[in-house]
Amino acid sequence: MSDASPETLPEALSLTTRTALPDGFAFLLAEFPRPVWEGHPNNGQWCQFWLQRHQMFRDYSAALTDACAQLSDGKIEAQAFHEWFVPRVNFYLGEIDTHHKIEEHHYFPALAQADEKMERGIALLEGDHRVVHDRLIAAHGTIVALDAAIREAAGDVASAASSAAGAARDGIAALGDALGHHLDDEEDIIVPLILDRTEPVLGIG
Ligand SMILES: [Fe+2]
Ligand SMILES: [Fe+2]
């Protein structure tokens with residue numbers, strides 16, 4: 001067993017610092033590059049569902065950021081925005097939290113045991129979750145402030161909401177940047193292992 005853990009991860013590998021995965025982390029990606037993932041016989045139900053969740057996070061991030069930008073720019077009406085935005089942003093943040101907990105408690109331990117070369121990759125991904133969580137908390141703060149600005153505005157709601165919407169746009173975009181980077185690297189580390197070993201052998205799905 002190595003001592004790989006989020007605590008022993010070099011700063012150069014943190015989600016906020018690294019620009020690409022160093023050699024050896026996605027050690028099966030050359031054998032199973034992205035173009036062969038879809039339709040591969042070992043891309044099973046679990047893997048397909050998991051990739052769909054990731055794409056849903058990317059789509060929600062883009063849509064929520066865009067909605068805040070439109071409100072900030074005065075292109076949409078605050079009450080209509082509020083009705084659309086609140087349930088979706090609550091769902092988005094809650095699902096990220098749930099997704100990370102399931103990965104950390106169930107799937108990451110199974111994948112780390114599958115091959116000793118996976119251990120440091122899983123430690124890196126757990127470290128990523130901490131960065132994403134910090135950005136989620138920061139984004140949540142901007143969303144609470146925007147919600148209050150719209151609900152408590154007396155008179156000119158558009159002007160009261162505009163700067164809070166700009167802050168929420170930036171907070172959700174910063175979360176989406178970190179999350180998107182994490183999802184790309186997580187997929188490059190994990191999907192090739194699934195295609196190589198199969199879900200039943202790995203004990204997932
Ligand atoms: Fe993750
Ligand atoms: Fe994930």
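Just follow the structure's listing: the first ligand is 1, and inside any ligand the first atom is 1.
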query: Side chains of Phe85 and Leu71: does their closest heavy-atom pair fall under 4.5 Å?
result: no
- prompt: Measuring from Tyr92:OH to Asp97:CG, what's the distance to the nearest 0.5 Å?
  reply: 12.5 Å
query: Rounded to the nearest 0.5 Å, how far apart are NE2 of His100 and CD of Glu95?
result: 11.5 Å
field: Mutual orientation of the aromatic rings belonging to Trp50 and His54 [parallel < 30°, tilted 30-60°, perpendicular > 60°]
entry: tilted
task: Write the atom name of the N, O or S atom in His99 that is nearest the Fe ion (ligand 2).
output: NE2
- prompt: Quick check: are there more than 12 heavy atoms from other residues, nucleotides or ligands sitting under 6.0 Å from CD of Gln55?
  reply: yes
His100 near the Fe ion (ligand 2): N/O/S under 2.8 Å: no
His129 near the Fe ion (ligand 1) via N/O/S, less than 2.8 Å: yes
Vertex the Fe ion (ligand 2), rays to OE2 in Glu103 and NE2 in His54 - rounded to 10°: 130°
field: Metal site angle (apex the Fe ion (ligand 1)), NE2 from His182 and OE2 from Glu186, 10 degrees
entry: 90°
